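Read the structure below first, then the notes.
Each chain gets a letter, A, B and so on, in the order its sequence line appears, and its residues count up from 1. All values reported here derive from a predicted model rather than from experimental measurement.
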Amino acid sequence: MPGMPPPLPPSHFRGDPVPVARALLGGTLVRVLDGGERLTGRIVEVEAYDCPRDPACTAGRFHAARSAEMAIPPGTWLFWTAHGHPLLQVACRPEGVSASVLIRALEPLEGLGQMLSFRPVIRERDLTNGPAKLVYALGLNPAQISGRPVNAPELHLLPPPAPLPDEMVEVTARVGIREGRTLPWRFTMRGNPWVSPAAPSMDLSVTPDG
DNA sequence: ACTTCGATGCTCT
DNA sequence: GAGCATCGAAGTA
């Protein structure tokens, strides 16, 4: 398809995960099944994790040991496990440094029927509005995807056609963490109905006067 | 082997 | 908004 940008290469994820996450918003996550069917969704919510300076990463013993899992080359798919659920991320920074972008919510574009088959839900809007939900809806097997390059045929990312203007990006605190909760490292598409429901409504991009 | 915890999801009120 | 299911990993023994 002419005009379609090529998948983002692993080198795109070599740097600071915060701007990398911001730039991913509005892009497209593309899943290609073994049979060739395409399941795609617009990325409407992402978070950055950056261990050297991130309380949510370095806090206590929690991440200290797990960081070894993220000490892999930048631009590599990996899965974090929380509460028994797999969360899809891309490793960032140079190899050996723990940092990542977490994909938290999608707006389904192609393959809605297949997604619903993978993950039956009552309300359609609950299909991919959470980090583990989208993993299930896309039929991702962590054992199969983990360690693969971010531009792999079976799962890759397309950048947004044009950078999203700041007015369309809501910057808030990250979801579900204790330490580091004030860092404005969560990016959502403003007003998009597919953003995760558990999200804080606090908008850190706007400083209240009082 | 057992305990605790968590970057979640689901099902109620 | 609250309570519970859930399971991989770490720490302890």
Check your understanding: Any link between L138(A) and L33(A) through a network of hydrophobic side chains (Ile, Leu, Val, Met, Phe, Trp, Tyr) touching at under 4.5 Å?
Key ->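 Yes, same cluster.
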Practice item. Check whether any side-chain heavy atom of V169(A) lies under 4.5 Å from a side-chain heavy atom of R22(A), and answer yes or no. Key: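 Yes - at least one pair of side-chain heavy atoms lies under 4.5 Å apart.
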Check your understanding: Do R174(A) and Y49(A) meet the cation-pi criteria used here (NZ or CZ under 6.0 Å from the six-membered ring centre, within 45° of the axis)?
Key ->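 Relative to the ring axis of Y49(A), which defines the angle, R174(A) lies inside both limits.
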Exercise for review: For H83(A) and dT8(B), say yes or no: do the ring centres fall under 5.5 Å of each other while the ring planes differ by less than 30°?
Suggested key: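 Given the distance and angle limits, yes, they stack.
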Does the distance from a Lys or Arg side-chain N to an Asp or Glu carboxylate O, for [X] and [Y], drop under 4.0 Å?
X: R186(A); Y: E45(A); result: yes
X: E154(A); Y: R148(A); result: yes
X: D50(A); Y: R93(A); result: yes

Within this structure, what is the [atom1]-to-[atom2] distance between [X] and [N], rounded to whole angstrom?
X: L183(A); N: dA7(B); atom1: CG; atom2: P; value: 14 Å
X: D126(A); N: dT8(B); atom1: CG; atom2: P; value: 16 Å
X: N129(A); N: dT8(B); atom1: CG; atom2: P; value: 13 Å
X: D50(A); N: dA7(B); atom1: CG; atom2: P; value: 16 Å
X: I103(A); N: dA7(B); atom1: CD1; atom2: P; value: 18 Å
X: L134(A); N: dT8(B); atom1: CG; atom2: C1'; value: 12 Å
X: I177(A); N: dT8(B); atom1: CD1; atom2: P; value: 9 Å
X: H85(A); N: dC5(B); atom1: NE2; atom2: C1'; value: 14 Å

**Study point:** dC10(B) OP1/OP2 closer than 4.0 Å to side-chain N/O of R119(A)
**Key:**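 So the side-chain polar atoms of R119(A) do come within 4.0 Å of the phosphate oxygens OP1 or OP2 of dC10(B), strictly under.
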Check your understanding: What residues, two or more places apart in sequence or in another chain, satisfy side-chain contact (heavy atoms from CB on, under 4.5 Å) together with P120(A)?
Key ->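 None.
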Review point. Tell me, what's DNA chain C's dot-bracket, Watson-Crick or G-U with both distances under 3.5 Å, | for other-strand, [ ] crossing?
Key: |||||.||||||.
Review point. Which of the following nucleotides, dA7(B), dT8(B), dG9(B), is nearest to the side chain of V175(A)?
Key: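 Of the options given, the side chain of V175(A) lies nearest dT8(B).
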